[in-house]
Amino acid sequence: MKAFKQPFSFISAALLCYFLIPYLIFLKYFNLDFNLDYAEAWWAFKNSSLQAFVTAVIVTGLSIPLSFGVFTLKNPWFALTQKLLLLPQILPALFSILIVFSMVDPFPMGTTGIIIIFTVMHLGFATVLLTAATQERMGSFGLIAEVYDVGRFKFYRRVYCPLMKSNLLTIFVLVFIFCFASFSVPLVAGGGRGTNLEVLIYEKIFINQNWSLAWTLNLLQSFFIFILSYLILKKSALPKVDFEDSKYMQFRLGRVGLFIYLALYGGGYLMGLVKARGALAQFQALLPEIILATQHTLKIMVFYILINILLLITWVYDYVKSGRQNSSRHLLATSTILVGFSFYLLIPETSLGDYFKIILSMTILFFPPLFRSFLEKPLDQLDSQILTCKIFNISTSKIVFTVVLRQIKKPIFLWLSFLTIWFLSDFAILKSLGVRTATVGLMAESFLSSYRLSLAYLLSFYILIVWVFTLLAIYLLKGVFGVINKKFAS
Amino acid sequence: MSSIKNLHLNFDNFDLDISELLIPEKGVTAFWGPSGAGKTTFFKTLIGLYQPKGWSWIFKGEALHAMKLNERRLGVVFQNYELFPHLTAEENIKLICSNHAATAKSIQTVEGYKNKLNLNNCWHTKAQNLSGGEKQRVALLRALVSKPRLLLLDEPFSALDPDLRNEARLMIKNILLQLEIPVYLITHDPDDVKVLAQTIVELRQGRVVGVKKGDN
Amino acid sequence: MKHFIFFLALIFSGLSFFYFNKEDKVNVVEDRTIRIYASASFVAKWGPGPALKELFEKQNIFKVEFIESPDVAMTLQKLNFEKQNASADLILGLDQFDIARSAAKIEWRTLPALSDDMISEVAGALKSQNQFMPYDWAPMTFVGRQDLKVQIDQLDDLLKPELKGRIALQDPRTSSPGLQLLIWIFETKPTEQAIVYLKALMKQAHSFSAGWSGAYGLFKNKQADLVFSYVTSPIYHVVEEHDSSFVSIEMKEALPIQIEFAGIPKTCKNCEGAEQFLRFMASQEAQKIIMNKNYMLPVIERAKEATEFDAIKVYRTLPIKFYDQEKIEKWINQWTEIRKNEGL
């Protein structure tokens, strides 16, 4: 899209400023403080990098056979399995830690332990991502290779890996970043190497009350991630192709691996649920509060989804007009606590303020990584069609609504699924925002912080059910909008 | 005559070097040469994908080199057609029509061409489900309804099997004769040149090695 | 398509306007309202907040508005920035460390004597300062199960080989209980011995969680046999889960105590109401509520009579101290060095 790159786009600048809001707020309130213990920061950086790197390699590698295992399944198991793989995304990190500790006994504390927990937490997500990307990218190459009897391993080496390289790299970088910026896992499982940059940031706040230092560390961390993302994640120019199933895209051992993973993780979760059944009476007694919290959550979620859709349309519009993806897609590891705190400082403590805080912070934290995971590549694949539209002088909005968005419906739906899971289950962001509105995520947090682990388990199951119903509702609404759209268009 | 001057592009393994070229402003001009001759690079430059420094392209008194890509009013048929796969043949055409201020006359034109190009049976079929020949005809219709000043056809028949190719060439030849739109045809197939071209520009290794009259 | 988008935007704007406008009216702050910042577990339905609010409002003209505080450190920083515009009348959930840290940032109101009936362990906290009122407390120790086979009477018993990798602890850099344990070790042992002890304790630790809940979760899940927690923790299991298998371990060393304080910033808008509420919190009724909901000990002796809390042993405790920042940082740095060199 070289011919279309405009030197300056107002929309691009506005989008970038939106995602930089927490940084701008911090700049207003705090000075940068470079009076760091550089040895300590370097130690933390090395720990973060090693843990994140090894995990990302393992997860990316394992997601390949697991995604082939997914392709051995037919609907409805195909769709259901992918939903189940997202379970670690819904549950609080503590649950994943507890499940892994029960799975691996004795548990090897230290870097090995951290890597094991991270792998279990992110493998499902990586597999779902890779499955979607494979369907977009591989077309009928598997079938062609099978017809020509190329041989499975030659196919993987000469066709699959080169074609999927950029997607695999995206998964690698995303997992790396999620692990790099993690807080609770390195602490609990890390032994001496439990210090990472995120822990250092928290330490500066909690122990030293030195926000300037914390913010400086966060800036360094964000800058490192920005550069990493910028250098490694390059655009790929292959067009979208229709996926054809084939023997080479399926792997029975991958299916076995899939079931082992789901059985162990899901089984661990179910065991926790069974143990928690003793708290059912308490849960029932709290049902009015839970329903009220659900109502609040869903109300905020409606606006949250609409704002995300608006952001997406603006982003795509900007992409079509300017010919480049917005730079804020590299803002992948902004510290949760600092984003939360920046809005806590700025926005008043009212119900209306809560809506703004939650929607702003969650879009800023979730939009870039989810966009990169699900929408960036599908958009890139439409480059040649966008070019064709421009040659025929079709207006930008027509290109956006008629050509682009209509062709990435499936990735958008996946993207929305993740937006809603992360929204429903989050409490880390909500806690740091100081919101007063009761939400299901905050309820889970207050259960966890007051002996009520069993109630937290039950609530997590409840959140799972709400998520499924939310997706169904989105699916139905999609159909309704389609009908309205056709009526208006005609 | 249309003139192209100082078109110099350097790539790693290849240079396109056209100091001056005069091309007729009507009829079909074929740019012919083997693979690697520079035809596609030349084509992309005319569309506006490449912007060599200091070059000029004057066509019917207008400096097309100075115009943005979407201002050049070129009708393009790509080698792989680049239809919007999720839209039907009709929707692919209407998308262009609506942009060029659809009038009763345009719609009539579409109807006329639809019949001429034998697109009635596949009019409501999604582009991803069309046959190669149908895609080619839809792509051509799309290029025509955009009311181009110049039609650019990039290997328009290469995706078709030999029997269909002959038929397609003759069909296009008839339509072009009626419309009197100037055409630049990029091809490596001597039969395309033989059937369609009034002027032949031969390219080899990024250079124009000859310009001569065709048999038509 | 344009019409559709415009239509959608119009509906969206309209709904937003009506919705937010309606919400705003409901949330108008009245002059008689006391804005109290407290933790999520305090203001939750199962926490003491709602019951305290109900009882207080029956007895007073003031209204109580609880605002959930994300973290005391963040709340204090916000107050520091807001200065005169700060709207907090009362801050709950401050511990000894928060008080030391906030000294340089926030000015607090001097409090009159709000109760004559404070128990001795806590009364000491009022001798050295008159700006913070304690409202609950608990000694901290190790909590285990009845069937624990290892005899533990003192800190050194935690180094027994049977407990290797079986003690759930908290990271002192991120958790108050974690810091409490660290200080306990440094206060009961000479520095050199404390460092040797900490090195040995590293091997015994199952893990160092970010906070109390992580460590307690691991203990409850039987990943660990012991957890550093409050002496009152077993009472929660007896009352809520009808499970009496948990015990608090008595140690030869005097136990550290965790006290929760309340303070009124000088920038309070409803200072009178805040003081009234503090006075109320020191009353027997309020103390009973806090004790039963927070599972912490009351600061008033009589409040725990005829309850499960009355059955708790009287533990020997360290005197309450407010440590200065440099000392805390020094201890943490020593801990971090030891932790670093524990390696993989």
Side-chain angles (χ1 to χ4, degrees), chain A residues 29 43 94 97-98 101-102 106 109-112 183-184 187-189 191-195 199 202-203 205-209 211 278 282 286 289 303 306 340-341 344-345 349-352 355 397-398 401-402 431-436 442-443 445-446 448-453 484-485 488-489, chain C residues 1-4 12 16 20 23-24 26-27 39-41 44-47 67-71 73-78 81 87 101 105 165 171 173-174 202 206-214 216-218 220-221 223 233 236-237 240-241 295 325 328-329 332 336 339-344:
Chain A
Y29 283 103
W43 165 259
L94 174 63
I97 292 167
L98 293 176
F101 278 154
S102 356
M109 289 295 187
T111 299
T112 313
F183 176 69
S184 50
L187 264 188
V188 83
R193 293 190 185 267
T195 301
V199 169
Y202 196 81
E203 187 189 326
I205 296 167
F206 180 73
I207 299 293
N208 308 113
Q209 291 268 298
W211 288 87
Q282 283 177 289
L286 290 169
E289 279 70 35
F303 288 103
L306 285 172
F341 186 61
Y344 181 58
L345 283 180
E349 284 148 347
T350 58
S351 294
L352 177 60
Y355 274 66
S397 43
K398 255 212 161 63
F401 289 105
T402 312
K431 194 174 170 204
S432 61
L433 286 171
V435 296
R436 300 165 51 193
L442 278 175
M443 277 190 97
E445 196 275 329
S446 71
L448 283 171
S449 58
S450 59
Y451 297 107
R452 292 165 175 87
L453 187 65
I484 297 174
N485 193 25
F488 267 90
Chain C
M1 191 62 196
K2 274 185 200 161
H3 296 110
F4 176 66
F12 180 45
S16 305
F20 289 147
E23 283 283 320
D24 264 337
V26 167
N27 290 312
S39 66
S41 51
K45 197 215 172 188
W46 52 88
I67 293 138
E68 204 174 299
S69 166
D71 185 273
M74 289 167 73
T75 303
L76 294 179
Q77 184 62 56
K78 186 171 182 193
F81 277 130
S87 57
R101 284 177 215 136
K105 288 185 195 287
D171 194 307
R173 297 170 298 179
T174 57
M202 292 292 164
H206 171 277
S207 53
F208 287 86
S209 296
W212 172 87
S213 57
Y216 209 85
L218 287 165
K220 271 221 73 187
N221 219 45
Q223 301 296 326
S233 295
Y236 170 85
H237 301 292
E240 304 271 356
E241 296 174 355
Y295 290 93
Q325 193 61 12
I328 294 175
E329 281 181 34
I332 296 226
T336 310
R339 188 105 176 96
K340 228 193 263 185
N341 295 318
E342 280 307 291
L344 298 170

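Quick note on labels: first sequence line is chain A, next is B, and so on, each numbered from 1.
- With a 4.5 Å cut-off on side-chain heavy atoms, L286(A) and K45(C) count as touching.
- Most heavy-atom pairs under 4.5 Å with chain A: of the set I332(C), T336(C), T75(C), this distinction falls to T75(C).
- Nearest heavy atom pair, residue E68(C) against residue V435(A), reads CB-O, 3.8 Å.
- Per-residue counts of heavy-atom pairs under 4.5 Å with chain A were compared for S209(C), S69(C), S87(C); the largest is that of S209(C).
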What verdict does the side-chain contact (heavy atoms from CB on, under 4.5 Å) test give for F341(A) and Q77(C), after you've listed the backbone C-alpha separation in whole Å, the side-chain angles of each residue and the deciding distance to 0.1 Å? CA-CA 10 Å; F341(A) 186 61; Q77(C) 184 62 56; 3.4 Å; yes
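- Contact of L442(A) with chain C is made through the side chain alone, with heavy-atom distances under 4.5 Å.
- Interatomic distance, N221(C) CG to I97(A) CD1, rounded to the nearest 0.5 Å: 11.5 Å.
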As a quick check of understanding, evaluate side-chain contact (heavy atoms from CB on, under 4.5 Å) for L218(C) and F101(A), giving each step before the final call. CA-CA 9 Å; L218(C) 287 165; F101(A) 278 154; 3.0 Å; yes
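- Taking OG of S41(C) as the reference point, atom CZ of R452(A) lies at 8.5 Å (rounded to 0.5 Å).
- Not a single donor-acceptor pair under 3.5 Å links the side chain of K220(C) to the backbone N or O of L453(A).
- At a threshold of 4.5 Å between non-hydrogen side-chain atoms, the residues K78(C) and Y29(A) do not count as touching.
- The distance from atom CH2 of W211(A) to atom CZ of F81(C), rounded to the nearest 0.5 Å, is 8.5 Å.
- In this view, E289(A) satisfies the side-chain hydrogen bond (donor to acceptor under 3.5 Å, both in side chains) rule with no residue, not counting sequence neighbours.
- Looking at residues two or more places apart in sequence or on another chain, you find a side-chain hydrogen bond (donor to acceptor under 3.5 Å, both in side chains) between S233(C) and Y451(A), S229(C).
- Rounded to the nearest 0.5 Å, atoms CE (M443(A)) and CH2 (W46(C)) are 4.0 Å apart.
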